[in-house]
Amino acid sequence: MNCSSKDAEDIYVPIPASLKIPILFQQKLIAPVIPTNNTLTEEGITLGKRLFFDKILSKDNTQSCATCHDPKKAFTDNDRFSDGVDGKLGTRNSMPLFNLAWNFDERFTWDGKELSLERQALEPVRNLIEMHSKWVNVAQKIKEHPEYPTLFKEAFGSVKIDSTLITKALAQFERTLISGNSKFDRHLLGTTQLSPEEQNGFDVFMDETRGDCFHCHGSNNNPLWTDNKFHNNGLDAILTDLGLGKVTGDPNDNGKFKTPSIRNLKFTAPYMHDGRFNTLDEVIDHYSTGLKSSPTIDPLMKKVKQGGVNISNKDKADLKAFLLSLSDNDFVNSFN
Amino acid sequence: MKQYLILFLISLTFFSCSSDNDELIKEVSAKIKFSQNWDSTTIEKSDLSNTKFTNKLGTKLTIEKLRYLVSKITLTNGSNEATVFDGYKLIDLSDSESLIHNSTLKISEGTYNLSMTFGFNNDDNYKVGGYQDLNSASWNVPDMLGGGYHYMQMEGKFLNKIIEQQGFAYHAIRAVDKTDPASLKFEDTFFTVDLGVISIKNNATIEIKMNVAEWFKNPNEWDLNELNSMLMPNFEAQKLMSANGKSGVFSLGPVTQ
(Lines give C-alpha, C1' and ligand atoms only; values in the text may rest on other atoms or scores of the structure.)
Protein backbone atom coordinates (compact mmCIF):
# COMPACT_ATOMS: atom_id res chain seq x y z
CA MET A 1 0.00 0.00 0.00
CA ASN A 2 1.16 3.44 -0.82
CA CYS A 3 -1.04 6.06 0.82
CA SER A 4 -0.71 9.79 0.58
CA SER A 5 -3.20 10.72 3.27
CA LYS A 6 -4.67 9.48 6.47
CA ASP A 7 -7.69 8.18 4.63
CA ALA A 8 -6.45 5.35 2.41
CA GLU A 9 -9.95 4.77 1.11
CA ASP A 10 -10.14 8.18 -0.51
CA ILE A 11 -6.72 8.74 -2.02
CA TYR A 12 -4.52 5.93 -3.18
CA VAL A 13 -1.35 6.80 -5.02
CA PRO A 14 -0.31 4.00 -7.35
CA ILE A 15 3.28 2.88 -7.27
CA PRO A 16 5.28 3.96 -10.32
CA ALA A 17 6.62 1.05 -12.36
CA SER A 18 9.31 0.77 -14.98
CA LEU A 19 9.88 -1.70 -17.76
CA LYS A 20 12.42 -4.48 -17.38
CA ILE A 21 14.48 -3.56 -20.41
CA PRO A 22 16.91 -6.17 -21.75
CA ILE A 23 20.56 -5.15 -21.78
CA LEU A 24 20.78 -5.22 -25.56
CA PHE A 25 17.79 -2.94 -25.85
CA GLN A 26 19.39 -0.55 -23.38
CA GLN A 27 22.61 -0.57 -25.34
CA LYS A 28 21.22 -0.38 -28.84
CA LEU A 29 17.89 1.42 -28.80
CA ILE A 30 16.39 4.69 -27.77
CA ALA A 31 13.95 4.73 -24.89
CA PRO A 32 10.57 3.04 -25.27
CA VAL A 33 7.47 5.11 -25.85
CA ILE A 34 5.50 5.65 -22.64
CA PRO A 35 2.74 8.25 -23.01
CA THR A 36 2.83 10.98 -20.38
CA ASN A 37 -0.90 10.55 -19.82
CA ASN A 38 -0.54 6.83 -19.13
CA THR A 39 2.64 6.25 -17.21
CA LEU A 40 3.25 2.79 -15.86
CA THR A 41 2.21 1.83 -12.37
CA GLU A 42 2.25 -1.50 -10.58
CA GLU A 43 -1.48 -1.32 -10.09
CA GLY A 44 -2.18 -0.29 -13.68
CA ILE A 45 -0.14 -3.17 -15.06
CA THR A 46 -1.77 -5.67 -12.72
CA LEU A 47 -5.21 -4.42 -13.68
CA GLY A 48 -4.35 -4.50 -17.38
CA LYS A 49 -3.09 -8.06 -17.11
CA ARG A 50 -6.25 -9.18 -15.40
CA LEU A 51 -8.41 -7.47 -18.00
CA PHE A 52 -6.36 -8.96 -20.83
CA PHE A 53 -7.16 -12.47 -19.69
CA ASP A 54 -10.76 -11.75 -18.66
CA LYS A 55 -13.61 -12.77 -20.95
CA ILE A 56 -15.72 -10.01 -19.44
CA LEU A 57 -14.66 -7.78 -22.32
CA SER A 58 -16.66 -9.78 -24.87
CA LYS A 59 -20.36 -9.66 -25.59
CA ASP A 60 -21.18 -13.06 -24.13
CA ASN A 61 -18.21 -13.51 -21.80
CA THR A 62 -16.70 -16.19 -24.01
CA GLN A 63 -13.54 -14.49 -25.27
CA SER A 64 -10.71 -12.47 -23.81
CA CYS A 65 -7.82 -10.72 -25.53
CA ALA A 66 -5.79 -13.83 -24.76
CA THR A 67 -8.14 -15.99 -26.80
CA CYS A 68 -6.47 -14.71 -29.97
CA HIS A 69 -3.28 -13.54 -28.24
CA ASP A 70 -2.10 -16.62 -26.38
CA PRO A 71 1.10 -16.14 -24.33
CA LYS A 72 2.26 -19.63 -25.25
CA LYS A 73 2.22 -18.54 -28.87
CA ALA A 74 4.01 -15.24 -28.32
CA PHE A 75 0.59 -13.64 -27.92
CA THR A 76 -0.91 -14.72 -31.21
CA ASP A 77 -2.88 -17.84 -32.09
CA ASN A 78 -2.08 -20.48 -34.66
CA ASP A 79 -5.12 -19.88 -36.82
CA ARG A 80 -4.96 -18.25 -40.19
CA PHE A 81 -7.91 -16.08 -39.19
CA SER A 82 -9.34 -15.94 -35.70
CA ASP A 83 -13.00 -16.48 -35.04
CA GLY A 84 -14.93 -14.05 -32.87
CA VAL A 85 -17.72 -14.59 -30.36
CA ASP A 86 -20.24 -15.27 -33.12
CA GLY A 87 -17.99 -17.72 -34.90
CA LYS A 88 -17.23 -15.33 -37.72
CA LEU A 89 -13.70 -15.21 -39.09
CA GLY A 90 -11.64 -12.08 -39.46
CA THR A 91 -9.60 -11.25 -42.53
CA ARG A 92 -6.19 -10.72 -40.97
CA ASN A 93 -3.87 -12.96 -39.03
CA SER A 94 -3.71 -12.18 -35.32
CA MET A 95 -0.48 -10.28 -34.63
CA PRO A 96 1.92 -11.44 -31.95
CA LEU A 97 2.40 -8.95 -29.11
CA PHE A 98 5.81 -8.04 -27.75
CA ASN A 99 8.20 -5.12 -27.68
CA LEU A 100 5.31 -2.84 -28.54
CA ALA A 101 6.71 0.07 -26.53
CA TRP A 102 9.49 0.36 -29.12
CA ASN A 103 7.12 1.04 -31.99
CA PHE A 104 8.37 4.59 -32.29
CA ASP A 105 5.84 5.71 -34.90
CA GLU A 106 3.04 4.23 -32.78
CA ARG A 107 1.21 2.82 -35.79
CA PHE A 108 -0.21 -0.52 -34.75
CA THR A 109 -1.88 -3.44 -36.52
CA TRP A 110 -1.04 -4.84 -39.93
CA ASP A 111 -2.40 -1.82 -41.77
CA GLY A 112 -1.29 0.87 -39.32
CA LYS A 113 -4.83 1.88 -38.60
CA GLU A 114 -4.37 2.32 -34.86
CA LEU A 115 -2.25 5.26 -33.76
CA SER A 116 -1.50 4.20 -30.19
CA LEU A 117 -1.74 1.09 -28.06
CA GLU A 118 -4.56 2.69 -26.09
CA ARG A 119 -6.57 3.36 -29.26
CA GLN A 120 -5.83 -0.10 -30.61
CA ALA A 121 -7.32 -1.65 -27.50
CA LEU A 122 -10.63 0.06 -28.22
CA GLU A 123 -11.18 -1.85 -31.43
CA PRO A 124 -11.47 -5.59 -30.64
CA VAL A 125 -14.16 -5.04 -28.01
CA ARG A 126 -16.52 -3.23 -30.35
CA ASN A 127 -15.52 -5.04 -33.55
CA LEU A 128 -18.52 -6.99 -34.82
CA ILE A 129 -16.38 -9.95 -35.89
CA GLU A 130 -14.29 -10.06 -32.73
CA MET A 131 -15.75 -9.48 -29.25
CA HIS A 132 -18.88 -7.83 -30.67
CA SER A 133 -19.59 -5.88 -27.53
CA LYS A 134 -20.28 -2.26 -26.69
CA TRP A 135 -17.98 -0.29 -24.48
CA VAL A 136 -20.83 1.04 -22.40
CA ASN A 137 -21.90 -2.53 -21.66
CA VAL A 138 -18.39 -3.67 -20.83
CA ALA A 139 -17.89 -0.71 -18.52
CA GLN A 140 -21.16 -1.51 -16.75
CA LYS A 141 -20.17 -5.16 -16.24
CA ILE A 142 -16.87 -4.08 -14.76
CA LYS A 143 -18.51 -1.52 -12.50
CA GLU A 144 -20.74 -4.26 -11.12
CA HIS A 145 -17.87 -6.68 -10.63
CA PRO A 146 -17.02 -7.38 -6.98
CA GLU A 147 -13.31 -6.63 -7.38
CA TYR A 148 -12.68 -4.42 -10.40
CA PRO A 149 -13.91 -1.11 -8.93
CA THR A 150 -11.29 -1.33 -6.19
CA LEU A 151 -8.59 -2.26 -8.68
CA PHE A 152 -9.47 0.72 -10.87
CA LYS A 153 -9.44 3.01 -7.89
CA GLU A 154 -6.00 1.80 -6.93
CA ALA A 155 -4.68 2.07 -10.47
CA PHE A 156 -6.17 5.38 -11.45
CA GLY A 157 -7.49 6.97 -8.31
CA SER A 158 -10.89 7.11 -9.89
CA VAL A 159 -13.98 4.95 -9.84
CA LYS A 160 -15.28 6.29 -13.16
CA ILE A 161 -14.73 3.13 -15.10
CA ASP A 162 -14.95 3.66 -18.83
CA SER A 163 -13.29 2.65 -22.08
CA THR A 164 -10.52 5.20 -21.57
CA LEU A 165 -9.35 3.71 -18.30
CA ILE A 166 -9.85 0.14 -19.43
CA THR A 167 -7.72 0.64 -22.53
CA LYS A 168 -5.12 2.54 -20.54
CA ALA A 169 -4.74 -0.43 -18.23
CA LEU A 170 -4.58 -2.87 -21.15
CA ALA A 171 -1.92 -0.74 -22.84
CA GLN A 172 0.15 -0.60 -19.66
CA PHE A 173 0.17 -4.38 -19.50
CA GLU A 174 0.95 -4.74 -23.19
CA ARG A 175 3.97 -2.47 -22.84
CA THR A 176 5.42 -4.92 -20.32
CA LEU A 177 5.44 -7.73 -22.90
CA ILE A 178 9.13 -7.69 -23.69
CA SER A 179 10.95 -10.42 -25.53
CA GLY A 180 14.72 -10.18 -25.59
CA ASN A 181 16.18 -13.43 -24.35
CA SER A 182 16.67 -15.68 -27.35
CA LYS A 183 19.71 -17.73 -28.21
CA PHE A 184 20.77 -15.03 -30.65
CA ASP A 185 20.53 -12.38 -27.91
CA ARG A 186 22.70 -14.52 -25.68
CA HIS A 187 25.12 -14.95 -28.57
CA LEU A 188 25.37 -11.17 -28.89
CA LEU A 189 25.97 -10.94 -25.15
CA GLY A 190 28.75 -13.50 -25.45
CA THR A 191 27.20 -16.19 -23.32
CA THR A 192 26.51 -18.72 -26.04
CA GLN A 193 27.64 -19.50 -29.56
CA LEU A 194 25.67 -19.93 -32.73
CA SER A 195 25.95 -23.15 -34.65
CA PRO A 196 27.72 -22.87 -38.04
CA GLU A 197 24.32 -23.19 -39.71
CA GLU A 198 22.79 -20.39 -37.63
CA GLN A 199 25.82 -18.20 -38.30
CA ASN A 200 25.59 -18.74 -42.04
CA GLY A 201 21.85 -18.10 -41.84
CA PHE A 202 22.55 -14.78 -40.15
CA ASP A 203 25.06 -13.96 -42.89
CA VAL A 204 22.44 -14.75 -45.54
CA PHE A 205 20.03 -12.48 -43.70
CA MET A 206 22.53 -9.61 -43.67
CA ASP A 207 24.05 -10.12 -47.13
CA GLU A 208 22.66 -7.72 -49.70
CA THR A 209 23.59 -10.15 -52.46
CA ARG A 210 21.75 -13.08 -50.84
CA GLY A 211 18.83 -12.63 -48.41
CA ASP A 212 19.08 -8.88 -47.83
CA CYS A 213 16.48 -9.12 -45.08
CA PHE A 214 18.08 -6.56 -42.76
CA HIS A 215 16.84 -3.43 -44.48
CA CYS A 216 13.30 -4.13 -43.23
CA HIS A 217 13.82 -6.63 -40.45
CA GLY A 218 16.57 -5.02 -38.38
CA SER A 219 19.91 -6.49 -37.46
CA ASN A 220 22.19 -7.33 -34.60
CA ASN A 221 22.18 -3.58 -33.98
CA ASN A 222 18.41 -3.30 -33.95
CA PRO A 223 17.14 -6.03 -31.62
CA LEU A 224 13.52 -5.29 -32.45
CA TRP A 225 14.06 -7.19 -35.71
CA THR A 226 11.58 -4.95 -37.49
CA ASP A 227 11.65 -1.42 -38.84
CA ASN A 228 7.99 -1.06 -37.80
CA LYS A 229 7.37 0.42 -41.27
CA PHE A 230 5.02 -0.67 -44.03
CA HIS A 231 6.05 -2.44 -47.21
CA ASN A 232 4.60 -4.31 -50.15
CA ASN A 233 6.67 -7.49 -50.05
CA GLY A 234 5.46 -8.94 -53.32
CA LEU A 235 2.75 -11.29 -52.14
CA ASP A 236 0.26 -10.56 -54.92
CA ALA A 237 0.19 -9.22 -58.44
CA ILE A 238 -3.36 -7.98 -57.96
CA LEU A 239 -3.94 -6.19 -54.69
CA THR A 240 -7.26 -6.99 -53.10
CA ASP A 241 -6.49 -6.17 -49.46
CA LEU A 242 -5.13 -2.64 -49.72
CA GLY A 243 -3.60 -2.59 -46.24
CA LEU A 244 -2.09 0.78 -45.38
CA GLY A 245 -3.55 2.21 -48.58
CA LYS A 246 -7.08 1.81 -47.29
CA VAL A 247 -6.10 3.65 -44.12
CA THR A 248 -4.26 6.57 -45.72
CA GLY A 249 -6.29 6.75 -48.92
CA ASP A 250 -3.04 7.02 -50.83
CA PRO A 251 -2.86 4.51 -53.70
CA ASN A 252 0.92 4.49 -53.28
CA ASP A 253 0.32 2.71 -49.98
CA ASN A 254 -1.81 -0.04 -51.47
CA GLY A 255 -0.68 -3.51 -50.54
CA LYS A 256 1.64 -2.29 -47.80
CA PHE A 257 1.60 -4.02 -44.43
CA LYS A 258 3.62 -3.65 -41.28
CA THR A 259 6.93 -5.46 -41.12
CA PRO A 260 6.47 -8.05 -38.39
CA SER A 261 9.31 -8.80 -36.01
CA ILE A 262 11.10 -12.02 -36.82
CA ARG A 263 11.44 -12.83 -33.15
CA ASN A 264 9.52 -15.87 -31.94
CA LEU A 265 8.59 -17.22 -35.38
CA LYS A 266 8.82 -20.68 -33.83
CA PHE A 267 5.57 -19.91 -32.02
CA THR A 268 3.67 -17.64 -34.40
CA ALA A 269 2.75 -19.62 -37.52
CA PRO A 270 0.99 -19.06 -39.84
CA TYR A 271 2.73 -16.08 -41.39
CA MET A 272 2.00 -12.85 -43.27
CA HIS A 273 -0.91 -10.47 -42.72
CA ASP A 274 -3.34 -13.04 -44.04
CA GLY A 275 -1.63 -16.10 -42.62
CA ARG A 276 -1.18 -17.57 -46.08
CA PHE A 277 2.06 -19.37 -45.29
CA ASN A 278 1.89 -22.24 -42.83
CA THR A 279 5.61 -22.78 -42.44
CA LEU A 280 8.83 -20.80 -42.37
CA ASP A 281 9.94 -22.80 -45.40
CA GLU A 282 7.05 -21.34 -47.36
CA VAL A 283 8.00 -17.85 -46.22
CA ILE A 284 11.61 -18.30 -47.29
CA ASP A 285 10.51 -19.81 -50.60
CA HIS A 286 8.36 -16.74 -51.17
CA TYR A 287 11.33 -14.39 -50.89
CA SER A 288 13.54 -16.77 -52.86
CA THR A 289 11.35 -17.51 -55.86
CA GLY A 290 7.76 -16.44 -55.18
CA LEU A 291 7.73 -12.65 -55.48
CA LYS A 292 5.01 -11.07 -57.57
CA SER A 293 5.27 -7.60 -59.02
CA SER A 294 2.66 -4.92 -58.49
CA PRO A 295 2.75 -1.13 -58.82
CA THR A 296 3.62 -0.52 -55.17
CA ILE A 297 6.09 -3.34 -54.66
CA ASP A 298 8.94 -2.19 -52.46
CA PRO A 299 12.13 -1.26 -54.35
CA LEU A 300 14.00 -3.51 -51.92
CA MET A 301 12.24 -6.50 -53.52
CA LYS A 302 14.89 -6.01 -56.15
CA LYS A 303 14.97 -9.38 -57.85
CA VAL A 304 11.26 -9.57 -58.46
CA LYS A 305 11.90 -10.15 -62.16
CA GLN A 306 13.70 -13.35 -61.23
CA GLY A 307 11.01 -14.23 -58.68
CA GLY A 308 13.22 -13.36 -55.72
CA VAL A 309 16.69 -13.66 -54.30
CA ASN A 310 17.11 -17.26 -55.46
CA ILE A 311 19.14 -18.53 -52.56
CA SER A 312 20.43 -22.09 -52.41
CA ASN A 313 18.76 -24.87 -50.45
CA LYS A 314 21.65 -24.81 -48.02
CA ASP A 315 21.21 -21.08 -47.44
CA LYS A 316 17.47 -21.54 -47.03
CA ALA A 317 17.95 -24.16 -44.35
CA ASP A 318 20.55 -22.07 -42.57
CA LEU A 319 18.41 -18.96 -42.77
CA LYS A 320 15.62 -20.89 -41.10
CA ALA A 321 18.02 -22.04 -38.40
CA PHE A 322 19.04 -18.45 -37.75
CA LEU A 323 15.41 -17.29 -37.61
CA LEU A 324 14.61 -19.96 -35.07
CA SER A 325 17.55 -18.81 -32.96
CA LEU A 326 15.43 -15.74 -32.22
CA SER A 327 12.93 -17.84 -30.27
CA ASP A 328 12.47 -16.68 -26.71
CA ASN A 329 11.23 -19.63 -24.66
CA ASP A 330 11.36 -17.68 -21.43
CA PHE A 331 8.96 -15.13 -22.85
CA VAL A 332 6.30 -17.62 -23.90
CA ASN A 333 6.62 -19.54 -20.65
CA SER A 334 6.49 -16.58 -18.31
CA PHE A 335 2.71 -16.22 -18.19
CA ASN A 336 0.49 -18.63 -16.38
CA MET B 1 20.62 50.09 -7.13
CA LYS B 2 19.08 46.65 -7.41
CA GLN B 3 17.47 47.60 -10.75
CA TYR B 4 20.84 48.77 -12.13
CA LEU B 5 22.36 45.46 -11.11
CA ILE B 6 19.62 43.52 -12.91
CA LEU B 7 20.08 45.63 -16.03
CA PHE B 8 23.79 44.97 -15.91
CA LEU B 9 23.28 41.24 -15.58
CA ILE B 10 20.79 41.22 -18.46
CA SER B 11 23.26 43.04 -20.65
CA LEU B 12 25.87 40.43 -19.80
CA THR B 13 23.44 37.76 -20.90
CA PHE B 14 22.89 39.21 -24.34
CA PHE B 15 26.20 40.81 -25.18
CA SER B 16 29.79 39.94 -24.88
CA CYS B 17 32.83 41.99 -25.71
CA SER B 18 35.40 41.20 -28.32
CA SER B 19 38.88 41.03 -26.89
CA ASP B 20 40.33 43.40 -29.47
CA ASN B 21 38.20 46.50 -29.41
CA ASP B 22 35.62 46.04 -26.66
CA GLU B 23 32.74 46.43 -29.13
CA LEU B 24 29.53 44.79 -28.05
CA ILE B 25 28.96 41.55 -29.97
CA LYS B 26 25.51 40.03 -30.11
CA GLU B 27 25.01 36.36 -29.38
CA VAL B 28 22.57 34.71 -31.76
CA SER B 29 21.32 31.23 -32.48
CA ALA B 30 21.21 29.43 -35.80
CA LYS B 31 19.24 26.51 -37.05
CA ILE B 32 19.63 24.57 -40.26
CA LYS B 33 16.84 23.84 -42.69
CA PHE B 34 17.42 21.04 -45.20
CA SER B 35 15.62 21.22 -48.51
CA GLN B 36 15.66 18.98 -51.55
CA ASN B 37 15.17 19.83 -55.20
CA TRP B 38 15.48 18.36 -58.66
CA ASP B 39 17.39 20.92 -60.70
CA SER B 40 15.74 23.78 -58.78
CA THR B 41 12.26 22.25 -58.63
CA THR B 42 11.48 21.70 -54.97
CA ILE B 43 10.90 18.13 -53.85
CA GLU B 44 8.40 17.76 -51.02
CA LYS B 45 7.09 14.78 -49.12
CA SER B 46 4.07 14.79 -51.43
CA ASP B 47 6.36 14.14 -54.39
CA LEU B 48 7.40 10.78 -52.97
CA SER B 49 6.11 7.99 -55.23
CA ASN B 50 4.19 10.57 -57.27
CA THR B 51 6.39 12.95 -59.19
CA LYS B 52 8.29 11.62 -62.19
CA PHE B 53 11.77 12.98 -62.58
CA THR B 54 14.09 12.54 -65.54
CA ASN B 55 17.78 12.05 -64.95
CA LYS B 56 20.70 13.15 -67.10
CA LEU B 57 20.51 10.01 -69.25
CA GLY B 58 16.81 10.55 -69.85
CA THR B 59 15.62 7.80 -67.53
CA LYS B 60 12.30 8.51 -65.86
CA LEU B 61 12.13 7.72 -62.17
CA THR B 62 10.16 8.24 -59.01
CA ILE B 63 11.57 8.49 -55.51
CA GLU B 64 9.87 6.58 -52.69
CA LYS B 65 12.36 7.09 -49.91
CA LEU B 66 15.10 9.64 -49.32
CA ARG B 67 17.07 9.59 -46.11
CA TYR B 68 20.59 10.94 -45.65
CA LEU B 69 22.95 11.77 -42.86
CA VAL B 70 25.11 14.84 -42.39
CA SER B 71 27.46 15.61 -39.55
CA LYS B 72 29.96 18.18 -38.36
CA ILE B 73 28.01 21.19 -39.56
CA THR B 74 30.59 23.86 -38.88
CA LEU B 75 30.74 27.64 -38.85
CA THR B 76 34.28 28.96 -39.11
CA ASN B 77 35.00 32.64 -38.47
CA GLY B 78 37.69 34.88 -39.92
CA SER B 79 40.08 33.88 -37.19
CA ASN B 80 39.71 30.27 -38.26
CA GLU B 81 37.83 29.43 -35.08
CA ALA B 82 35.34 26.65 -35.75
CA THR B 83 31.98 26.23 -34.09
CA VAL B 84 30.60 22.77 -34.70
CA PHE B 85 26.86 22.22 -34.42
CA ASP B 86 26.13 19.48 -31.99
CA GLY B 87 25.87 15.95 -33.24
CA TYR B 88 24.67 14.81 -36.59
CA LYS B 89 21.41 14.83 -38.45
CA LEU B 90 19.45 12.06 -40.15
CA ILE B 91 17.20 13.74 -42.67
CA ASP B 92 14.11 11.90 -43.88
CA LEU B 93 12.06 13.57 -46.58
CA SER B 94 8.94 11.83 -45.33
CA ASP B 95 9.35 13.34 -41.86
CA SER B 96 9.03 17.12 -41.90
CA GLU B 97 10.42 17.43 -38.37
CA SER B 98 13.67 15.89 -39.52
CA LEU B 99 14.22 18.67 -42.06
CA ILE B 100 15.10 21.20 -39.37
CA HIS B 101 18.22 20.90 -37.25
CA ASN B 102 17.77 22.94 -34.12
CA SER B 103 20.71 23.72 -31.95
CA THR B 104 21.10 25.28 -28.55
CA LEU B 105 24.44 26.60 -29.70
CA LYS B 106 25.00 30.36 -29.48
CA ILE B 107 27.32 32.14 -31.85
CA SER B 108 28.47 35.70 -32.16
CA GLU B 109 27.11 37.80 -34.97
CA GLY B 110 29.56 37.97 -37.80
CA THR B 111 30.74 36.38 -41.00
CA TYR B 112 31.35 32.67 -41.20
CA ASN B 113 32.23 29.96 -43.62
CA LEU B 114 29.72 27.11 -43.48
CA SER B 115 30.75 23.50 -44.08
CA MET B 116 29.46 20.04 -43.27
CA THR B 117 30.28 16.39 -43.77
CA PHE B 118 28.10 14.15 -45.91
CA GLY B 119 27.82 10.96 -43.89
CA PHE B 120 30.20 10.28 -41.03
CA ASN B 121 33.95 10.54 -40.97
CA ASN B 122 35.56 7.27 -39.91
CA ASP B 123 35.90 8.16 -36.24
CA ASP B 124 32.24 9.02 -36.00
CA ASN B 125 31.13 6.12 -38.20
CA TYR B 126 32.75 3.54 -35.99
CA LYS B 127 32.20 5.21 -32.63
CA VAL B 128 32.30 2.63 -29.85
CA GLY B 129 28.75 1.82 -28.83
CA GLY B 130 27.29 3.39 -31.93
CA TYR B 131 24.22 5.59 -31.91
CA GLN B 132 20.96 4.44 -30.38
CA ASP B 133 18.78 6.68 -32.51
CA LEU B 134 20.40 5.49 -35.73
CA ASN B 135 20.13 1.85 -34.67
CA SER B 136 16.47 2.42 -33.91
CA ALA B 137 16.05 3.86 -37.39
CA SER B 138 17.65 0.72 -38.92
CA TRP B 139 20.44 2.85 -40.37
CA ASN B 140 23.26 0.36 -39.80
CA VAL B 141 25.61 -1.18 -42.31
CA PRO B 142 26.18 -4.94 -41.90
CA ASP B 143 29.41 -5.93 -40.21
CA MET B 144 30.35 -7.99 -43.27
CA LEU B 145 30.61 -4.65 -45.10
CA GLY B 146 32.62 -3.06 -42.33
CA GLY B 147 29.80 -1.92 -40.08
CA GLY B 148 29.08 1.69 -39.28
CA TYR B 149 26.15 3.46 -40.82
CA HIS B 150 24.55 4.35 -44.11
CA TYR B 151 25.20 7.82 -45.49
CA MET B 152 22.15 7.84 -47.73
CA GLN B 153 19.22 5.67 -48.76
CA MET B 154 17.45 6.80 -51.90
CA GLU B 155 14.93 4.30 -53.21
CA GLY B 156 12.37 4.38 -55.93
CA LYS B 157 11.45 3.02 -59.32
CA PHE B 158 12.59 3.78 -62.85
CA LEU B 159 11.51 2.88 -66.33
CA ASN B 160 14.14 0.52 -67.62
CA LYS B 161 15.33 -0.10 -71.18
CA ILE B 162 12.38 -2.27 -71.99
CA ILE B 163 9.96 0.31 -70.52
CA GLU B 164 9.18 -1.72 -67.46
CA GLN B 165 9.02 -0.36 -63.96
CA GLN B 166 12.00 -1.51 -61.91
CA GLY B 167 13.14 -0.71 -58.39
CA PHE B 168 16.37 0.98 -57.43
CA ALA B 169 18.11 1.38 -54.09
CA TYR B 170 20.83 4.03 -54.27
CA HIS B 171 22.43 3.41 -50.89
CA ALA B 172 25.63 5.23 -50.03
CA ILE B 173 28.06 3.82 -47.47
CA ARG B 174 31.84 3.75 -46.97
CA ALA B 175 33.20 1.94 -50.03
CA VAL B 176 34.36 -1.54 -49.20
CA ASP B 177 36.13 -4.08 -51.37
CA LYS B 178 35.21 -7.49 -49.98
CA THR B 179 36.99 -9.56 -52.58
CA ASP B 180 38.71 -11.15 -49.62
CA PRO B 181 36.05 -11.23 -46.90
CA ALA B 182 38.74 -11.86 -44.31
CA SER B 183 40.54 -8.68 -45.26
CA LEU B 184 38.17 -5.91 -46.23
CA LYS B 185 39.65 -2.95 -48.06
CA PHE B 186 38.06 0.44 -47.65
CA GLU B 187 38.04 3.74 -49.43
CA ASP B 188 36.54 6.81 -47.82
CA THR B 189 33.39 8.08 -49.45
CA PHE B 190 32.26 10.63 -46.90
CA PHE B 191 33.17 14.13 -47.94
CA THR B 192 33.25 17.64 -46.60
CA VAL B 193 31.12 20.20 -48.37
CA ASP B 194 32.20 23.83 -48.29
CA LEU B 195 28.94 25.71 -48.55
CA GLY B 196 30.40 29.23 -48.66
CA VAL B 197 30.31 32.40 -46.63
CA ILE B 198 27.35 33.69 -44.68
CA SER B 199 26.82 36.79 -42.63
CA ILE B 200 24.83 36.31 -39.45
CA LYS B 201 23.38 39.35 -37.72
CA ASN B 202 20.38 37.92 -35.87
CA ASN B 203 18.91 34.57 -34.99
CA ALA B 204 19.13 32.79 -38.30
CA THR B 205 17.75 29.89 -40.29
CA ILE B 206 20.30 28.63 -42.78
CA GLU B 207 19.05 26.54 -45.67
CA ILE B 208 21.17 23.73 -47.08
CA LYS B 209 19.91 22.47 -50.41
CA MET B 210 20.33 19.03 -51.94
CA ASN B 211 19.91 18.83 -55.70
CA VAL B 212 18.93 15.19 -56.04
CA ALA B 213 19.42 15.26 -59.81
CA GLU B 214 23.13 15.79 -59.28
CA TRP B 215 23.50 12.31 -57.79
CA PHE B 216 22.83 11.02 -61.30
CA LYS B 217 24.75 13.60 -63.25
CA ASN B 218 28.22 14.85 -62.61
CA PRO B 219 30.93 13.70 -63.19
CA ASN B 220 29.35 10.26 -63.61
CA GLU B 221 26.21 9.98 -65.68
CA TRP B 222 24.39 7.36 -63.68
CA ASP B 223 22.76 4.57 -65.69
CA LEU B 224 20.08 3.01 -63.53
CA ASN B 225 19.83 0.15 -65.99
CA GLU B 226 23.34 -0.82 -64.97
CA LEU B 227 23.50 0.31 -61.36
CA ASN B 228 20.20 0.05 -59.55
CA SER B 229 20.46 -2.24 -56.56
CA MET B 230 22.86 -4.27 -54.46
CA LEU B 231 25.11 -1.23 -54.52
CA MET B 232 26.28 -1.46 -50.92
CA PRO B 233 28.85 -4.18 -51.64
CA ASN B 234 29.73 -2.57 -54.98
CA PHE B 235 33.09 -0.92 -54.33
CA GLU B 236 33.22 0.98 -57.60
CA ALA B 237 29.61 2.16 -57.39
CA GLN B 238 30.22 3.64 -53.96
CA LYS B 239 33.15 5.63 -55.28
CA LEU B 240 31.06 6.88 -58.19
CA MET B 241 28.31 7.99 -55.81
CA SER B 242 30.80 9.85 -53.67
CA ALA B 243 32.29 11.60 -56.69
CA ASN B 244 28.84 12.75 -57.79
CA GLY B 245 27.99 13.86 -54.28
CA LYS B 246 31.02 16.10 -54.17
CA SER B 247 30.06 17.80 -57.41
CA GLY B 248 27.21 20.14 -56.84
CA VAL B 249 24.70 18.08 -54.90
CA PHE B 250 24.78 20.40 -51.89
CA SER B 251 24.62 24.16 -51.91
CA LEU B 252 23.78 27.03 -49.65
CA GLY B 253 20.26 28.36 -49.78
CA PRO B 254 18.83 31.54 -48.31
CA VAL B 255 19.75 32.63 -44.82
CA THR B 256 16.73 34.17 -43.13
CA GLN B 257 17.26 36.26 -40.01
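We name chains A, B, ... by the order of the sequence lines, and we start the count at 1 in each one.
A ring pair (Phe, Tyr, Trp, His ring centres under 6.0 Å) with B/Trp215 holds for exactly one of B/Phe118, B/Tyr151, B/Phe53; it is B/Phe118. Of the residues B/Tyr131, B/Tyr68, B/Tyr126, the one that meets the ring pair (Phe, Tyr, Trp, His ring centres under 6.0 Å) test with B/Phe120 is B/Tyr131.
Under the 6.0 Å cut-off for aromatic ring centres, A/Phe277 and A/His286 qualify, their centroids lying closer than that.
Interface remark: A/Asn221 contributes backbone and side-chain atoms alike to the contact with chain B (heavy atom separation under 4.5 Å). Using a 4.5 Å cut-off between heavy atoms, A/Leu224 does not touch chain B at all. With a threshold of 4.5 angstrom between heavy atoms, A/Asn220 approaches chain B through side-chain atoms but not through N, CA, C or O. Interface residue A/Ser219: only side-chain heavy atoms are found under 4.5 Å from chain B. Using a 4.5 Å cut-off between heavy atoms, A/Thr296 touches chain B through its backbone atoms (N, CA, C, O) alone. Proximity to chain A is limited to the backbone of B/Leu48, based on heavy atoms less than 4.5 angstrom apart. Contact of A/Asp203 with chain B is made through backbone and side chain together, with heavy-atom distances under 4.5 Å.
Atom NZ of B/Lys45 has 12 or fewer neighbouring heavy atoms from other residues, nucleotides or ligands inside a 6.0 Å radius.
Interface check for chain B: of the options A/Val304, A/Asn222, A/Asn228, A/Asp212, the most heavy-atom pairs under 4.5 Å are formed by A/Asn222.
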